[in-house]
Amino acid sequence: MAALDRYRVNQKKHRHIVIARMLQSTVALAVLTSWATGFVPVPQKNVVTKTRTEGMTSFVRLGRLIAKTSRGHLAARGEDDEDEDDIDLSDQDWRAFRAKLVMTEPTTSENSASSTEPSSTTTLQDEDDLDGIGSVFASPTSGVSVEEDVIEGGTGMEGSTSFLTPLDPSQWAYDSGNVIEQGAVILGGVEQEFGFGLRQQYFHKAAILVLDHDDSTFTKGIILNRPSDRMLADDVNEVLWRVWCGGDVQGINSPNPEIVCLHSLNLPLMGEDAAPASVQVMKDIQWTTFDNAKDLVKMGVAKPTDFWVFCGYAGWGPGQLMGELDRKSWYMVATDSQTLLKELARQSSSADPRDAGLDTWELLMNMIGRGETVEECSGDFDDLMLKEWAREHLLSIEAGGGAMRSQQDAALEEVDSMKQTSLPIDRLLKRVSAAVKANDVTVGSLVRASSADRSPFLLQKQEFHKSLVLIISDDENLTVGCILNRPASKGLTLEQIDKKTLEKKTLTMPLRFGGEYAVKGKENLLWLHCNPDLREANVGSEVGVASKDNIWKCTQDEALGAVSNGLATPSDFLVVSGVCVWTKGEGGTARGIQGEVQKGSFEVIASDSVPSVWDCLLKQEVVTPLNLLKTIRTGNQAWEVGGTSNNQGDPSQDSSKAAQDMTVLDGIGEGYDEEDDSLVFKSDKKISSLCDDALQTWVATFLLGSPGLGA
């Protein structure tokens, strides 16, 4: 803090309040205010010189401003130095003070121009402004001392004209660069190459309040813009509390969630040791435990509606968040408490969980001068995926969502057969049918992913959407299968010699992604065929029970030998790397592939459809940027062929049904119908189309290594 050492002030006659926060190793924001009788102005040569890094600057004009206002007050009042009382500013929000200083800095060009000529000021007129701070916070029209160019500074971002875009004079926000501190807000970034569309959708465009930060240990925050309509029981007061998703660690679906209650109350001390009931995060915002909140309601000093209840939190280890900031995964924002409290209150009273708090993110982004970014990415793939995540996890089943569905499914699995007979006849028949189909799944079975418009693999494991899976192993512990219609960007190169001409031909076979689990050992690639001639020649062995239509497996040597002997060509084989696994357990839904079929995630393909499916699979090629869409489309055609016999007489299960091409009904806004469950909330995007987009994005990202080619 060498800059502060330049201020030589007589300690016997002056009192100082110093607010210093290190913003970077090379940049310090320091606020020095002095109130005393006989204020000795700081010589111009001692004023902190200008430094600028990411818009964070020092305070040349702050020194001038404080000196002028202090001298002006004392001279106007004609008071003696020795009689001036100390001013107590303990209730001032130093963040707001710092924000105003950041906001008032001019652009680099303006600063260069102003270095040769002094900036003009207006005259201080507020007699109640004893300390000069009012002049820093006042608007240009309030009559107090403000430099005329304070609102003309720029951020260097998207043509913004200031660091601050206030909603009203008391609200502010600015981009604080890489400054991580308690009370800061972390906004989900949208500039990174790989966003949160496929994984951890709840982080997309999140607004996270930092509750605690230590560079050497841990950073902890809670998501502020994920309200739900789920309720938390209170065994003390026998009331229900609305809960919000605060993060993925011990979160809203955890059996043992960590609960944080935000509030803005002045609360009494708690317990025999008179410990504070709450921990202050920033001015007017504190947090307390759920147990404390319940006790405060019981004491009559608070109401449940005074609190915002968050289940779970987001956490980062040492240096982790800084690394993610460098990758533009987040924006760090400093803002005032009233902006956050107003947003929390608004979301509590009127927000629909399916909106996923996007408007809160947009508000803060606009306030920090990133309005163009907001417009550019509004309604994009990641937005739609976030809305679907919110519907699935934040909206209750009663309201048409999926929150608590997994817990409900698990509970239903525990209902004994006698109780199941009391179910409505249609639900009972559906369960019986699913159970029968599940029992049909054996080693050698070919299954395809669900044909439901809202794919069970929309929000996770998108590789399974419209997938074809061959079951290669099944026992009491787990089921093992391999996906067949996901060619990767790598191929297997083979040399073939024409026996007649002795010419060598080089062929490249698609190497297919079979699953996320690798197979160790000598034969780490699985060779498959469905060729009657190769079966007749006993090339390899059947997968499961022998059948004229079954798929066979063989070794690489057996396959190459058949090619050399003229029994087959390389194009007769599929080569698969990796497998997928479904575990089994006592009770619950973890029953291997049988459990997946029973709950509708997969369908069994009739054996007489297997040859037709195989013929479609052979048309796929090594995936490239040029043939990405064609390769996916061919794989989807194979998936559709596999459902032809399954869906006879049931056109509702046809993925190409005309309903998908229906004109969208008129809703509360142009292009969407809020109540149409086949559309993403408040959009004209079909759920079925979004599922296809998610698959394309997954393939582009994980198989092709080009996230930019996703939807």
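Since we're looking at a predicted model, the values are computed, not measured.
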Exercise. Could you list the residues that satisfy salt bridge (charged side-chain N to carboxylate O under 4.0 Å, His left out) with R346, not counting sequence neighbours?
Key: E343, D359
Exercise. Please determine if R391 and D677 form a salt bridge, counting it only when a charged side-chain N lies under 4.0 Å from a carboxylate O.
Key: yes
Quiz prompt | I285 vs L340 side-chain heavy atoms within contact, under 4.5 Å | solution = yes
Exercise. Indicate yes or no: at least one non-hydrogen side-chain atom of L628 is less than 4.5 angstrom from one of P625.
Key: no
Practice problem: Measure from the side-chain N and O atoms of N237 to the backbone N and O of K294, and report whether any donor-acceptor pair falls under 3.5 Å. | Solution: yes
Self-check item: Rounded distance (nearest 0.5 Å) linking atom OG of S689 with atom CD1 of I687
Solution: 9.5 Å
Quiz item: Side chains of R199 and Q462: do they bring a donor and an acceptor to under 3.5 Å?
Solution: yes
Exercise. Would you name the heavy atoms of L341 and D284 that are closest together and state the gap between them?
Key: CD1-O, 3.9 Å
Counting only pairs under 3.5 Å, give me each side-chain donor-acceptor contact of residues 325-333, with atom names and distances, residues two or more places apart or in other chains.
residue, atom, partner, partner atom, Å
D326, OD1, N178, ND2, 3.3
W330, NE1, E324, OE1, 2.7
Y331, OH, E191, OE2, 2.8

Quiz item: Of all residues at least two apart in sequence or in a different chain, which pass the salt bridge (charged side-chain N to carboxylate O under 4.0 Å, His left out) check with D234?
Solution: none
Quiz item: Would a distance-only check, ignoring hydrogens and angles, find a side-chain to backbone donor-acceptor pair under 3.5 Å from Q182 to L211?
Solution: yes
Self-check item: Polar side-chain atom of W361 near backbone of G188 as donor-acceptor pair, under 3.5 Å
Solution: yes
Self-check item: Qualifying ring pair (Phe, Tyr, Trp, His ring centres under 6.0 Å) pairs with a residue from residues 363-383, counting only residues at least two apart or across chains
Solution: none
Exercise. State whether the side chain of D306 and the backbone N or O of K303 hold a donor-acceptor pair below 3.5 Å, judged by distance alone.
Key: yes
Quiz item: Who pairs with E516 by salt bridge (charged side-chain N to carboxylate O under 4.0 Å, His left out), at least two apart in sequence or on another chain?
Solution: K461
Quiz item: If you look only at pairs with a residue in residues 245-264, which of them pass as a salt bridge (charged side-chain N to carboxylate O under 4.0 Å, His left out), with sequence neighbours excluded?
Solution: K220-E258
Self-check item: Flag, side chain of T219 to backbone of H213, donor-acceptor distance under 3.5 Å
Solution: no
Exercise. For K205, check side-chain hydrogen bond (donor to acceptor under 3.5 Å, both in side chains) against everything at least two apart and list the hits.
Key: D383
Practice problem: Report the residue from K686, K466, K685 that forms a salt bridge (charged side-chain N to carboxylate O under 4.0 Å, His left out) with D692. | Solution: K466
Quiz item: Would you find a donor on one side and an acceptor on the other, under 3.5 Å apart, between the side chain of E376 and the backbone of T373?
Solution: no
Self-check item: T217 to P318 - nearest heavy-atom pair and separation
Solution: O-CD, 3.1 Å
Quiz prompt | Within-4.5 Å side-chain heavy-atom neighbours: Q192 and F196 | solution = yes
Anything under 3.5 Å between a donor and an acceptor, one on a side chain of residues 698-711, the other on a protein residue two or more places apart or in another chain? List them.
residue, atom, partner, partner atom, Å
W698, NE1, E463, OE1, 3.3
T701, OG1, T697, O, 2.7

Practice problem: Under the ring pair (Phe, Tyr, Trp, His ring centres under 6.0 Å) rule, collect the residues that match up with W389, sequence neighbours excluded. | Solution: Y202, H393
Quiz prompt | Under the ring pair (Phe, Tyr, Trp, His ring centres under 6.0 Å) test, residues paired with F307 that sit two or more places apart | solution = W241, H263
Exercise. Would you confirm whether D352, through its side chain, and R354, through its main-chain N or O, come within 3.5 Å as a donor-acceptor pair?
Key: yes
Quiz prompt | L695 vs N636 side-chain heavy atoms within contact, under 4.5 Å | solution = yes
Exercise. Any chance you could measure Q280, atom CD, to S337, atom OG, to the nearest 0.5 Å?
Key: 9.5 Å
Exercise. Please determine, by modelled atom types, if W172 and T335 share a side-chain donor-acceptor pair under 3.5 angstrom.
Key: no
Quiz item: Between M385 and H204, is any pair of side-chain heavy atoms under 4.5 Å apart?
Solution: no
Quiz item: Looking at CE of M322 and CH2 of W316, how far apart are the two atoms once the value is rounded to the nearest 0.5 Å?
Solution: 12.5 Å
Quiz prompt | Polar side-chain atom of D214 near backbone of S216 as donor-acceptor pair, under 3.5 Å | solution = yes
Quiz item: Got a sec, which residues hit side-chain hydrogen bond (donor to acceptor under 3.5 Å, both in side chains) with S467, two or more places apart in sequence or on another chain?
Solution: none
Quiz prompt | Contact check, side chains of L344 and W244, non-hydrogen atoms, under 4.5 Å | solution = yes
Practice problem: Could you tell me which residues satisfy salt bridge (charged side-chain N to carboxylate O under 4.0 Å, His left out) with D382, sequence neighbours excluded, listed by chain and number? | Solution: none
Quiz item: In terms of side-chain heavy atoms, does K387 have a donor or acceptor partner in Q201 at a distance below 3.5 Å?
Solution: no
Exercise. Taking the side chain as every heavy atom from C-beta outward, state whether R633 and L629 have any atom pair closer than 4.5 Å.
Key: yes
Quiz item: Can you tell if the side chain of L224 reaches within under 4.5 Å of the side chain of I208, non-hydrogen atoms only?
Solution: no
Quiz item: Can you name the closest pair of heavy atoms from S601 and F457 and give their distance?
Solution: O-CE1, 3.6 Å
Practice problem: Report yes or no: does R230 contribute a side-chain atom to a donor-acceptor pair with the main-chain N or O of L394 at less than 3.5 Å? | Solution: no
Quiz item: Checking R242 side chain against S228 main chain: does a donor-acceptor pair fall under 3.5 Å?
Solution: yes
